[in-house]
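All values reported here derive from a predicted model rather than from experimental measurement.
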Amino acid sequence: MREWKAEAGVFLAVAFVAAGVLGAVQPATGIPQEVVQLTQFGPALGVWAVALLWPSRVRRRLAGALSGRRTDDAVGAGGERARQGLLSLLTAPLIMVLTVAAYTAVEGTPRATGPGSLGHPFALIVVAQFVGACGEEIGWRCLLQPLVRGRFGPLSASALVGVVWGLWHVQVFAQAPAYAAGFLLATVAMSVVLGLALERVRAGRLLLAGGFHTLVNLGMLLFMDDESGAVLPMVLFGGACLLAAVLWVVRAPAVRVLAPVHGAR
């Protein structure tokens with residue numbers, strides 16, 4: 001078996017099992033799911049497990065997750081990478097605006113929950129959501145994406161990671177089929193957005209991915225009530241994510257989108 005497959009297998013096995021265990025014990029901890037879901041730390045535990053087995057490989061995979069060494073080329077391209085990061089963060093509220101606009105067009109009134117009407121302080125929710133989002137993204141975008149990107153290229157790797165990311169949310173598939181389909185479309189599309197947005201980012205990848213993820217989660221909390229299982233908001237959300245992904249694919253150079261990096265181990 002190729003070593004990259006072994007790394008991916010260990011990561012996914014631990015991420016899935018750990019998320020299930022953390023979800024099962026959360027009620028006993030007293031931590032409200034509205035604040036943070038402990039399942040989000042399953043991927044982080046998957047990264048930890050892979051790091052125990054292949055420490056040098058994981059250090060290489062995670063290069064740029066928080067910081068990176070600046071070279072002359074990096075300084076010259078810093079402006080473009082900063083724009084990429086900013087655009088990725090702006091894409092999250094764009095997705096929510098499109099979702100809310102589409103829902104309002106269909107239903108006549110927007111679906112919204114004021115931050116003050118939540119059961120816990122909104123500032124606490126924001127911080128906890130960011131920590132939880134980073135617990136996911138260190139696995140999905142900082143380990144798994146670079147791992148498979150070398151075999152399949154940015155676009156295919158991003159779509160593949162998005163499928164796995166969606167399937168990891170196993171509780172979604174207890175909902176109506178249309179709800180699950182909308183959610184899976186959303187995870188694949190958002191993974192494409194993040195994969196292309198982070199393609200040339202060499203530092204702060206975790207913060208950018210975690211920031212995007214946090215903004216999306218907060219938007220879903222305030223404007224979708226996704227935990228209710230309502231089908232229409234989720235389907236519209238999936239469509240909005242797809243539109244955002246198409247915009248990112250169109251603006252990305254074809255060579256960046258399609259070309260894999262050979263020799264990944």
*Asks:* Centre-to-centre under 6.0 Å for Trp165 and Phe183, is that the case here?
*Replies:*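 No, they do not, as the ring centres are separated by 6.0 Å or more.
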*Asks:* Within the 4.5 Å heavy-atom criterion, are Met224 and Met96 side-chain neighbours or not?
*Replies:*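 In contact.
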*Asks:* Taking only residues at least two apart or on different chains, which pairs with a member in residues 182-191 satisfy side-chain hydrogen bond (donor to acceptor under 3.5 Å, both in side chains)?
*Replies:*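 Listed once each, the pairs are Arg141-Ser191.
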*Asks:* Which residue pairs pass the side-chain hydrogen bond (donor to acceptor under 3.5 Å, both in side chains) test with at least one member in residues 232-242, sequence neighbours excluded?
*Replies:*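 Output for this query is empty, none listed.
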*Asks:* With sequence neighbours left out, write down each residue that passes ring pair (Phe, Tyr, Trp, His ring centres under 6.0 Å) with Phe130, or none if nothing qualifies.
*Replies:*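 So Phe130 forms no ring pair (Phe, Tyr, Trp, His ring centres under 6.0 Å) with any residue.
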*Asks:* Would you check if Trp248 and Val192 make a side-chain contact, meaning some heavy-atom pair closer than 4.5 Å?
*Replies:*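 No; the side chains remain at least 4.5 Å from each other.
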*Asks:* Main chain of Val35, side chain of Gln129: is a donor-acceptor contact present, judged purely on distance under 3.5 Å?
*Replies:*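 Flag set: sc Gln129 to bb Val35 pair under 3.5 Å.
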*Asks:* Compile the donor-acceptor pairs under 3.5 Å between side chains in residues 22-30 and protein atoms, sequence neighbours left out, one pair per line.
*Replies:*
unit_1: Gln26; atom_1: OE1; unit_2: Leu38; atom_2: N; d: 2.8
unit_1: Gln26; atom_1: NE2; unit_2: Ile31; atom_2: O; d: 3.0
unit_1: Gln26; atom_1: NE2; unit_2: Val36; atom_2: O; d: 2.9
unit_1: Thr29; atom_1: OG1; unit_2: Gln26; atom_2: O; d: 2.6
unit_1: Thr29; atom_1: OG1; unit_2: Ile31; atom_2: N; d: 3.2

*Asks:* Please give me the minimum heavy-atom distance between Pro43 and Phe11, naming the atom from each residue.
*Replies:*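 The pair with the smallest heavy-atom distance is O-CE1, 3.3 Å.
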*Asks:* Quick one: hydrophobic cluster around Leu232, which other residues, with the 4.5 Å side-chain cut-off, linked directly or via members?
*Replies:*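 Answer for Leu232: Tyr103, Val106, Leu236.
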*Asks:* Are there more than 12 heavy atoms of other residues, nucleotides or ligands under 6.0 Å from atom CH2 of Trp54?
*Replies:*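 Result for CH2/Trp54: enclosed.
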*Asks:* Between Gln40 and Asn217, is there a side-chain heavy-atom distance shorter than 4.5 Å?
*Replies:*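 Yes. Closest side-chain heavy atoms under 4.5 Å.
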*Asks:* Working to the nearest 0.5 angstrom, can you tell me the gap between Phe122 CZ and Leu222 CG?
*Replies:*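 Here the rounded value is 5.0 Å.
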*Asks:* Indicate yes or no: at least one non-hydrogen side-chain atom of Glu7 is less than 4.5 angstrom from one of Arg61.
*Replies:*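 Contact flag for Glu7/Arg61 side chains = yes.
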*Asks:* Closest approach of Ala180 and Phe173, non-hydrogen atoms and distance?
*Replies:*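 Minimum heavy-atom contact is CB-CD2, 3.7 Å.
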*Asks:* Which residue in the set Leu167, Val50, Val17, Leu144 passes side-chain contact (heavy atoms from CB on, under 4.5 Å) when paired with Leu12?
*Replies:*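 Of the listed options, the one satisfying the test is Leu144.
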*Asks:* Indicate the atoms forming the closest heavy-atom contact of Gly195 with Ser158, along with that distance.
*Replies:*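 Closest heavy-atom pair between Gly195 and Ser158: CA-OG, 3.2 Å.
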*Asks:* Cluster partners of Leu98, using ILVMFWY side-chain heavy atoms under 4.5 angstrom, listed by chain and number?
*Replies:*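 Other cluster members: Leu94, Leu243.
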*Asks:* I want to check something: taking the side chain as every heavy atom from C-beta on, are Met234 and Val172 in contact at a cut-off of under 4.5 Å?
*Replies:*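 Answer no - side chains too far apart.
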*Asks:* How close do Pro233 and Arg111 get, counting heavy atoms only, and between which atoms?
*Replies:*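 So the minimum-distance heavy-atom pair works out to CG-NE, 3.8 Å.
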*Asks:* If every non-hydrogen atom of Cys134 is compared with every non-hydrogen atom of Leu206, which pair is closest and at what distance?
*Replies:*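 Of all heavy-atom pairs spanning Cys134 and Leu206, the closest is O-CD1, 3.6 Å.
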*Asks:* If you look at every heavy atom in Trp140 and Val164, which pair is closest and at what distance?
*Replies:*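 Distance-wise, the nearest heavy atoms are CZ3-CG1, 3.9 Å.
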*Asks:* Taking side chain as C-beta onward, heavy atoms only, is Pro154 less than 4.5 Å from Leu196?
*Replies:*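 Of all side-chain heavy-atom pairs linking Leu196 with Pro154, at least one is under 4.5 Å.
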*Asks:* For Ser117 and Gly114, indicate whether the former's side chain and the latter's backbone hold a donor-acceptor pair under 3.5 Å.
*Replies:*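 Side chain of Ser117 to backbone of Gly114: a pair is present.
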*Asks:* I want to check something: taking the side chain as every heavy atom from C-beta on, are Val47 and Leu62 in contact at a cut-off of under 4.5 Å?
*Replies:*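 Val47 vs Leu62: side chains touch.
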